[in-house]
Amino acid sequence: MNQKRFASHALRELVSSLKLPLLQAEDASSPSECFDLANSKLWLTELDWSDEAAQLREAAVSNPTAYTVELAYKLLRRLRLVDQQITELDDGLLKCAELQELTLTGNHLTSVPLHYLPPNLKVLELCYNELESTSDLRHCSLELLHLGLAYNKLSALDLQPSNWSSLLSLDLSYNRLVDLPAAIKVIVELEQLRNLSLKGNPLTAIMWYWYFKTTGHVLWSHILH
């Protein structure tokens, strides 16, 4: 994908879509047409991109002049930018200062600059992107509980465990991981990790993977799927 599309652009479009029917209704030829147009389009607007979307729509309807994208950003706690053709993250996401869960599934991301992610983030889902490396994620200051990297193009796990001390869940399924000893070296140092998925990687065909999984090895028995 040659054309750039930033995450903040997709976010702004979704937030603005809650008010767009009201703006379109202002151009209606009669009050009744205005009312019908606004209501029909407002309630057909998709709200699955955030658990707070319904609340934001109510705010847009009850007080259109007070509803702004800046207000919406402050209220967001969970955000799903799925299949939005996003190619790059940018500092626009930092406006969602209270965001705790961010899903970026099904986009075209090749890198994940962590300094563009809100500071209170706990869940980061990046499956079905085009990531070939985790080097951007090596030095993490976020206290993430879950990191989803399934269905990317990762051939190695390059994380600094000491920077991921809060991580409870890690999904690495369906990548291109082949070096089992290197993966083990990182994973066993993630002291809080309780859920791990490696299925669909070439390393799962290696004898030692099945040894750790089937014998209930102390390092893996409580986390490996």
Inset, instruction - Please answer whether the main-chain N or O of Leu137 pairs with a side-chain N or O of Thr134 as donor and acceptor at a distance below 3.5 Å. - result: no

Inset, instruction - Quick one: list whatever passes side-chain contact (heavy atoms from CB on, under 4.5 Å) with Ser133, sequence neighbours left out. - result: Ser135

Inset, instruction - Say whether, by atom type as modelled, one donor and one acceptor occur between the side chain of Arg80 and the main chain of Asp48 under 3.5 angstrom. - result: yes

Inset, instruction - Return the set of residues passing side-chain contact (heavy atoms from CB on, under 4.5 Å) with Asp91 (not counting sequence neighbours), or none when no residue passes. - result: Leu94, Tyr116

Inset, instruction - Decide whether Val123 and Leu89 are clustered together by the hydrophobic rule: side chain heavy atoms of Ile, Leu, Val, Met, Phe, Trp, Tyr closer than 4.5 Å, transitively. - result: no

Inset, instruction - Spell out, as yes or no, whether a donor-acceptor pair under 3.5 Å connects the side chain of Ser50 to the backbone of Leu79. - result: no

Legend entry - Donor-acceptor contact present, side-chain Asp136 to main-chain Leu114, <3.5 Å: no

Inset, instruction - Write down the atom of Pro118, the atom of Cys96, and the distance for their closest heavy-atom approach. - result: CB-O, 3.3 Å

Legend entry - Student check: side-chain heavy atoms of Val69 and Leu71 closer than 4.5 Å: no

Legend entry - Pairing residues for Arg78 by the side-chain hydrogen bond (donor to acceptor under 3.5 Å, both in side chains) criterion, not counting sequence neighbours: Glu101

Legend entry - Residue pair Ala183 / Leu203: nearest heavy atoms and the distance that separates them: CB-CD2, 4.2 Å

Legend entry - Residues in side-chain hydrogen bond (donor to acceptor under 3.5 Å, both in side chains) contact with Ser141, at least two apart in sequence or another chain: none

Legend entry - Side chains of Leu104 and Val112 in contact at under 4.5 Å (non-hydrogen atoms): no

Inset, instruction - Quick one: pull up SG in Cys127 and CG in Leu149 and give me the separation to the nearest 0.5 Å. - result: 9.0 Å

Inset, instruction - State which residues pass side-chain contact (heavy atoms from CB on, under 4.5 Å) with Asp179; sequence neighbours excluded, sorted by chain then number. - result: Pro181, Ala182

Legend entry - Beyond-backbone contact of Leu76 with Leu11, side-chain heavy atoms, under 4.5 angstrom: yes

Legend entry - Side-chain touch Leu99/Tyr73, heavy atoms, less than 4.5 angstrom: no

Legend entry - With His139 via side-chain hydrogen bond (donor to acceptor under 3.5 Å, both in side chains) - residues at least two apart: Asn163

Legend entry - Shared hydrophobic cluster, Leu102 / Leu109 (ILVMFWY, side-chain heavy atoms < 4.5 Å): yes

Inset, instruction - Share the residues that join Leu145 in a hydrophobic cluster, the rule being Ile, Leu, Val, Met, Phe, Trp or Tyr side chains under 4.5 Å apart at the heavy-atom level. - result: Leu168

Legend entry - Residue pair Leu170 / His146: nearest heavy atoms and the distance that separates them: N-ND1, 4.5 Å

Inset, instruction - Output all residues satisfying salt bridge (charged side-chain N to carboxylate O under 4.0 Å, His left out) with Glu88, sequence neighbours left out; order by chain, then residue number. - result: Lys4

Inset, instruction - Would you give the length of the straight line joining atom OG1 of Thr110 to atom CD of Glu130, rounded to the nearest 0.5 angstrom? - result: 7.5 Å

Legend entry - Those residues that, when tested against Ser8, pass side-chain contact (heavy atoms from CB on, under 4.5 Å) (two or more places apart): Phe6, Asp90

Legend entry - Working for side-chain contact (heavy atoms from CB on, under 4.5 Å), residues Leu124 and Leu142: CA-CA 10 Å; Leu124 179 59; Leu142 302 172; 5.7 Å; no

Legend entry - Closest approach of Leu81 to Asn107 (non-hydrogen atoms, all atoms of both residues): O-ND2, 2.9 Å

Inset, instruction - Please check if the side chain of Asn175 supplies one atom and the backbone of Asn201 the other of a donor-acceptor pair under 3.5 Å. - result: no

Inset, instruction - Kindly say whether Leu193 contributes a backbone atom to a donor-acceptor pair with the side chain of Trp164 at under 3.5 angstrom? - result: no

Legend entry - Donor-acceptor contact below 3.5 Å, side chain Asp171 vs main chain Ser173: yes

Inset, instruction - Tell me whether Val82 is reachable from Leu121 by hopping between hydrophobic residues (I, L, V, M, F, W, Y) whose side-chain heavy atoms are closer than 4.5 Å. - result: no

Legend entry - Set of residues satisfying salt bridge (charged side-chain N to carboxylate O under 4.0 Å, His left out) with respect to Lys122, sequence neighbours excluded: Glu143

Inset, instruction - Can you see which heavy atom on Leu126 is nearest to which on Leu147, and at what distance? - result: CD1-CD1, 4.3 Å

Legend entry - Closest non-hydrogen atom pair between Gly106 and Asn129, with its separation: N-ND2, 4.2 Å

Inset, instruction - Would you check if there is a donor-acceptor pair between the side chains of His9 and Gln84 at a distance under 3.5 Å? - result: no

Inset, instruction - Any ring pair (Phe, Tyr, Trp, His ring centres under 6.0 Å) involving residues 167-190? Give me the pairs, sequence neighbours left out, ordered by first then second residue. - result: Tyr151-Tyr174

Inset, instruction - Look at the side chain of Asn195 and the backbone N and O of Ser169, then say whether any donor-acceptor pair between them is shorter than 3.5 Å. - result: no

Inset, instruction - List in chain and number order the residues that pass side-chain hydrogen bond (donor to acceptor under 3.5 Å, both in side chains) with Glu13, two or more places apart in sequence or in another chain; answer none if no residue qualifies. - result: Arg5

Inset, instruction - Working to the nearest 0.5 Å, report the span between CD of Glu189 and CD1 of Ile184. - result: 12.0 Å

Legend entry - ILVMFWY network linking Leu47 to Leu56, side-chain heavy atoms under 4.5 angstrom: yes

Legend entry - Interatomic spacing from CZ in Arg138 to CG in Leu157 - rounded to 0.5 Å: 10.0 Å

Legend entry - Gap between atom CG of Asp51 and atom CG of Leu75 - 0.5 Å precision: 13.0 Å

